[in-house]
Each structure stands twice: as C-alpha cells, then as structure tokens.
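Scroll down for the structure; my scribbles are underneath it.
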There are 2 protein chains.
Amino acid sequence: MDNLKALKAKLNDQGYKLTPQRQLIFDIFQTLATGKHLSAESLHMLLVERGEGMSLSTVYRNLKIMTKMGILREVELAQAQKHYELNTISTHHHHIVCVQCHQIIEFKNNSILQEGLKQVETNGLQLIDCQFTLHTICPEALEMGWPTTSSNWVCPRFTTVSKAKSLGNQQLKLEN
Amino acid sequence: MDNLKALKAKLNDQGYKLTPQRQLIFDIFQTLATGKHLSAESLHMLLVERGEGMSLSTVYRNLKIMTKMGILREVELAQAQKHYELNTISTHHHHIVCVQCHQIIEFKNNSILQEGLKQVETNGLQLIDCQFTLHTICPEALEMGWPTTSSNWVCPRFTTVSKAKSLGNQQLKLEN
DNA sequence: ATCTGTGCAAATAGTTTGCAGCTGG
DNA sequence: CCAGCTGCAAACTATTTGCACAGAT
C-alpha cells in the first residue's frame with residue numbers, strides 16, 4: 001500500500017522505525033469509519049479482539065508519537081480520555097459537543113481552516129492541527145433543568161436524528 | 001459589586017448557593033490578568049497564599065459547576081491539567097499553542113465566534129463555549145530536529161517577542 | 001428542617017516510566 | 001550491530017467520591 005510507504009518514509013525521516021505495531025495502529029485508523037474516534041483504551045481493545053497482541057503502553061507511546069508528527073489528531077471532547085483520529089486535509093472537520101449527553105456532531109467548514117492557516121502564518125509558525133470545538137447544550141436538557149440534570153440523562157435529540165442540519169455548503173454528519 | 005449579584009442570581013436560579021468559597025474563586029478569576037489561565041492546583045495554591053483555606057476538592061467541585069454554567073471556560077492546551085478562565089463575550093479569544101515549547105498566543109477573532117453561533121443555531125442548540133485552537137510548531141524547533149527534540153527544550157521565539165503579530169483588525173497578545 | 005456544600009482521606013482512571021530483552025535499518 | 005522499540009509491572013498525577021458535619025434559606 002502506498003500510504004504505508006509514506007508512513008515509513010515519514011517515520012524514518014525522524015529517526016523512528018516502522019514496527020509491526022505502528023503499522024497495525026495506522027491501519028486501524030485508516031479503515032476506521034468516518035466520524036469515529038478511538039481512545040488509547042478502545043484502540044487497544046480493538047487490537048486484542050483482532051488477535052493482535054500489543055501492550056497498552058505501546059499503544060500510548062505510538063499514539064503520542066503519531067500525534068506529534070501530525071499523522072493523528074488528538075481531540076479532547078466531553079469524555080475524560082483523549083480520542084484520536086487520522087489527521088488529513090480531506091477528512092478535516094470540527095466538533096459540536098453536547099455537555100450533557102456528550103453526543104457529538106461533526107461538521108466541515110473550510111473557511112475556518114483558512115482562518116487558522118492565516119493566523120498561524122502571520123505568526124511565522126507551522127500548523128499541525130486546527131480544532132474548532134463548540135460546547136453546547138440541547139434544549140431538551142435545558143427543559144429538564146440542566147445543569148442540575150442527572151449525569152446519565154441522555155438527550156433524545158441525537159438518538160433520533162440521523163443527520164444533523166447542514167449549514168450552507170458545509171456538510172454535517174452525526175457522530176458515534 | 002454588581003457582578004457578584006449576577007453570580008448569586010445565576011447560582012440560585014439553578015438551585016446552587018453562593019458560598020464564600022464560590023465567591024472567592026469567582027473573585028480570583030475576575031481580577032486575573034488577561035491571558036492568564038489557572039489550573040485547579042494553581043488556583044488552590046493561590047488561595048492558600050492569600051490565607052484563604054479551601055480544600056482542593058472544593059476547588060475542583062466548583063470549577064466544574066461554574067464551567068457547566070458557562071461562567072468559566074475550561075481549556076485543554078498542551079499541559080496535562082485543565083486550565084480555567086472567565087467566559088465572557090468581551091474577553092472571548094482563541095489559542096495558538098506550540099506543541100514543543102507549550103507557549104501560548106491568544107488572539108481575538110469575532111468572525112469565528114459568529115461562525116460558531118451560526119453552526120450551533122442551525123442545529124437548534126445553545127452555545128456554552130466556542131474554542132478555536134491551533135496546534136503549531138515553531139521554526140526554531142523544526143531546525144532542532146523536532147519532533148525528536150528533547151522535551152524540555154524551549155523555543156526562544158516567545159521569550160523574546162513581547163507581542164505577537166496582529167492580523168487585520170484582530171488583536172493578539174502574548175500569553176502567561 | 002431540609003437540602004446543599006465543605007473538608008478530609010481514600011479511591012480511581014488514565015497515562016507514563018524503568019528496565020531487560022528484541023528488532024528494524 | 002546499534003539505536004530505537006516492546007512488554008511488563010510499578011509508579012504517578014490529576015481528578016473524583018464517600019462520609020460526617022456545617023450552613024444557608
């Protein structure tokens with residue numbers, strides 16, 4: 001596979017090696033459904049299920065390296081753990097997250113990425129990742145008396161809506 | 001003070017009480033220099049230095065509540081801990097963070113907030129916080145062979161520059 | 001009177017690290 | 001063959017929680 005060669009080149013370029021473990025991790029992210037993020041823990045479980053033994057520390061170590069290199073992006077949404085996804089221009093997107101039910105809506109918006117690039121270049125820096133994150137509350141939770149709502153109350157909105165509303169030429173999709 | 005009344009009203013409205021501890025925390029954030037964030041730990045230390053005994057758990061508990069209510073915003077930048085700052089429209093800003101030296105540049109950009117509001121309203125949600133975060137690397141670190149750079153190497157760029165470059169009508173200032 | 005808040009100490013969860021042996025370039 | 005990588009177990013750090021008591025409305 002071509003992407004694999006590129007990965008190897010990128011790694012070697014920085015003095016890192018292409019190990020079977022790194023290959024596997026990269027592969028999982030490449031075949032991951034759009035809009036899915038993995039935590040270190042869930043990635044590890046996925047690997048174990050696949051019959052690929054790999055230690056959790058190795059997972060952590062490699063997620064870190066691949067994030068540093070800009071291969072993956074690390075997103076901190078509502079949950080306690082960090083989540084990871086491939087960091088490519090074509091799949092680049094942002095997140096709306098409900099602070100009560102923790103559901104996530106992804107959306108694309110190129111003008112925001114452009115704005116980010118401009119801002120970064122103006123300061124003579126190089127962009128590694130650009131994250132636009134909107135913390136929101138759903139009207140249903142507000143009716144329930146949020147923020148006093150019980151922590152496990154789940155907003156019905158996202159479980160019934162299959163696709164979030166799109167805005168202009170921007171495309172939105174519902175996230176797991 | 002007027003802000004204090006507003007705080008009390010907001011809290012009572014949700015069934016929370018205005019305790020001396022909450023007042024103190026709010027006060028600290030109000031008098032905090034622009035561009036400064038506090039972690040739970042550093043806020044606690046600040047309180048202790050001031051001679052205000054308060055348990056760390058109380059700090060954590062109240063930071064959480066005040067973030068939920070939109071009084072504070074929780075930012076996850078390069079560090080391991082979460083940091084907090086007041087969440088007001090007039091002070092609303094975004095962050096550029098260097099992934100090597102962890103220095104932060106703040107910048108204002110109203111069009112981004114507008115974009116966020118539009119996006120959120122289109123989905124029938126209510127905005128609590130809007131964060132635009134750019135992860136970048138400084139050219140100096142790249143020259144040093146980043147990402148293989150040692151973890152405590154500090155980019156000289158930010159320590160010498162007193163004010164980051166501004167972009168258009170947007171205003172930039174150097175952080176903490 | 002009741003319900004929320006606090007301090008303390010203990011618990012937890014996510015992540016990191018030291019070390020001895022293994023492996024890719 | 002050598003610097004980087006892995007697995008394991010132990011360590012660590014930020015944050016959360018249970019409980020008994022105190023305080024506000």
Side-chain angles (χ1 to χ4, degrees), chain A residues 4-5 7-26 37-45 47-48 52-69 72 74-84 102 145 147-152, chain B residues 4 7-26 37-45 47-48 52-69 72 74-84 145 147-152:
Chain A
L4 193 62
K5 265 189 193 160
L7 175 68
K8 180 172 158 60
K10 229 175 187 174
L11 285 167
N12 291 347
D13 211 46
Q14 307 290 343
Y16 295 123
K17 292 170 182 172
L18 178 59
T19 63
Q21 289 87 340
R22 284 173 188 167
Q23 233 175 98
L24 270 166
I25 292 178
F26 184 63
H37 317 114
L38 294 176
S39 66
E41 203 80 48
S42 58
L43 170 58
H44 183 242
M45 273 164 47
L47 286 163
V48 169
E52 315 282 5
M54 188 183 315
S55 96
L56 189 53
S57 358
T58 300
V59 170
Y60 273 110
R61 276 189 279 236
N62 286 327
L63 285 176
K64 199 172 210 180
I65 286 176
M66 292 166 86
T67 303
K68 257 192 152 184
M69 300 189 63
L72 299 179
E74 183 182 84
V75 293
E76 319 226 22
L77 303 171
Q79 312 87 341
Q81 317 124 286
K82 291 170 186 164
H83 282 71
Y84 298 84
H102 299 172
T148 326
T149 331
S150 86
S151 64
N152 49 12
Chain B
L4 194 62
L7 175 67
K8 181 171 160 60
K10 232 177 188 173
L11 286 167
N12 292 347
D13 211 44
Q14 305 293 340
Y16 294 124
K17 292 169 184 172
L18 178 60
T19 63
Q21 288 88 341
R22 286 176 186 162
Q23 231 176 99
L24 270 166
I25 293 178
F26 184 64
H37 316 116
L38 294 176
S39 66
E41 203 80 49
S42 57
L43 170 57
H44 183 241
M45 274 163 48
L47 286 163
V48 170
E52 314 284 4
M54 188 183 315
S55 97
L56 188 52
S57 359
T58 300
V59 171
Y60 272 109
R61 276 189 278 237
N62 287 326
L63 286 177
K64 199 173 211 181
I65 287 176
M66 291 166 87
T67 302
K68 259 191 152 185
M69 300 190 61
L72 299 178
E74 182 181 84
V75 292
E76 319 228 22
L77 303 170
Q79 312 89 340
Q81 318 124 285
K82 292 170 185 164
H83 283 70
Y84 299 83
T148 326
T149 331
S150 86
S151 63
N152 49 10

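- When heavy atoms are screened at a 4.0 angstrom cut-off, Ser57(A) is found touching base atoms of the nucleic acid.
- The interatomic distance linking Leu56(B) (CG) with dG7(C) (C1') rounds to 11 Å, in whole Å.
- If you measure from atom CD of Gln21(B) to atom P of dC8(C), you get 11 Å, rounded to the nearest angstrom.
- OP1 or OP2 of dT25(D) has at least one side-chain nitrogen or oxygen of Lys8(B) nearer than 4.0 Å.
- Whole-Å rounding puts the Met45(B) CE to dA14(D) C1' distance at 15 Å.
- Looking at the side chain of Lys17(B), the nearest of the listed nucleotides dG25(C), dT6(D), dT4(C) is dT4(C).
- What you find for Leu18(A) and Asn12(A) is that their closest heavy atoms are N-OD1, 4.3 Å.
- Counting all heavy atoms, side chain and backbone alike, Gln14(A) lies closest to Pro147(B) at OE1-CD, 3.1 Å.
- The 5' end of DNA chain D is approached more closely, in terms of each residue's nearest nucleotide, by Val59(A) than by the other of Val59(A) and Ala80(B).
- Rounded to an integer number of Å, the gap from CD of Glu52(B) to C1' of dG7(C) is 16 Å.
- Atom CD of Glu76(B) is separated from atom P of dA14(D) by 14 Å (rounded to the nearest Å).
- Under a 3.5 Å cut-off, the side chain of His44(A) and the backbone N or O of Met54(A) do form a donor-acceptor pair.
- Picking from dC8(C), dG25(C), dG5(C) the nucleotide with the shortest atom distance to the side chain of Arg22(B) gives dG5(C).
- Listed nucleotides dG25(C), dT6(D), dT15(D) differ in distance to Tyr60(B); the shortest reach to its side chain belongs to dT15(D).
- Counting all heavy atoms, side chain and backbone alike, Leu7(A) lies closest to Met66(A) at CD1-CE, 4.5 Å.
- Per the geometry, CZ belonging to Arg61(B) stands 8 Å off C1' belonging to dG7(C), to the nearest Å.
- Phosphate proximity of dT15(D) to Lys64(B): absent, as no side-chain N or O sits under 4.0 Å from OP1 or OP2.
- Of the candidates dT15(C), dG7(C), dA14(D), the closest approach to any side-chain atom of Glu41(B) belongs to dA14(D).
- Contact annotation: Thr19(A) does not reach the phosphate of dC5(D) (side-chain N/O to OP1 or OP2, under 4.0 Å).
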task = For side-chain contact (heavy atoms from CB on, under 4.5 Å), just list the numbers for Leu24(A) and Gln21(A), CA-CA rounded to whole Å, side-chain angles, deciding distance to a tenth of an Å, and then say yes or no.
result = CA-CA 5 Å; Leu24(A) 270 166; Gln21(A) 289 87 340; 5.7 Å; no
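- Note on Asn62(A): a side-chain N or O is less than 4.0 Å away from OP1 or OP2 of dT6(D).
- Mapping Tyr84(B) and Asn12(B) onto DNA chain D by nearest heavy atom places Tyr84(B) closer to the 5' end of the strand.
- For the pair Gln81(A) CD and dT15(D) C1', the computed distance is 14 Å after rounding to whole Å.
- Spacing between atom OH of Tyr16(B) and atom P of dT4(C) amounts to 10 Å, rounded to whole angstrom units.
- Within the nucleic acid shown, Leu18(A) comes within 4.0 Å of sugar-phosphate atoms alone, with no base atom in reach, counting heavy atoms only.
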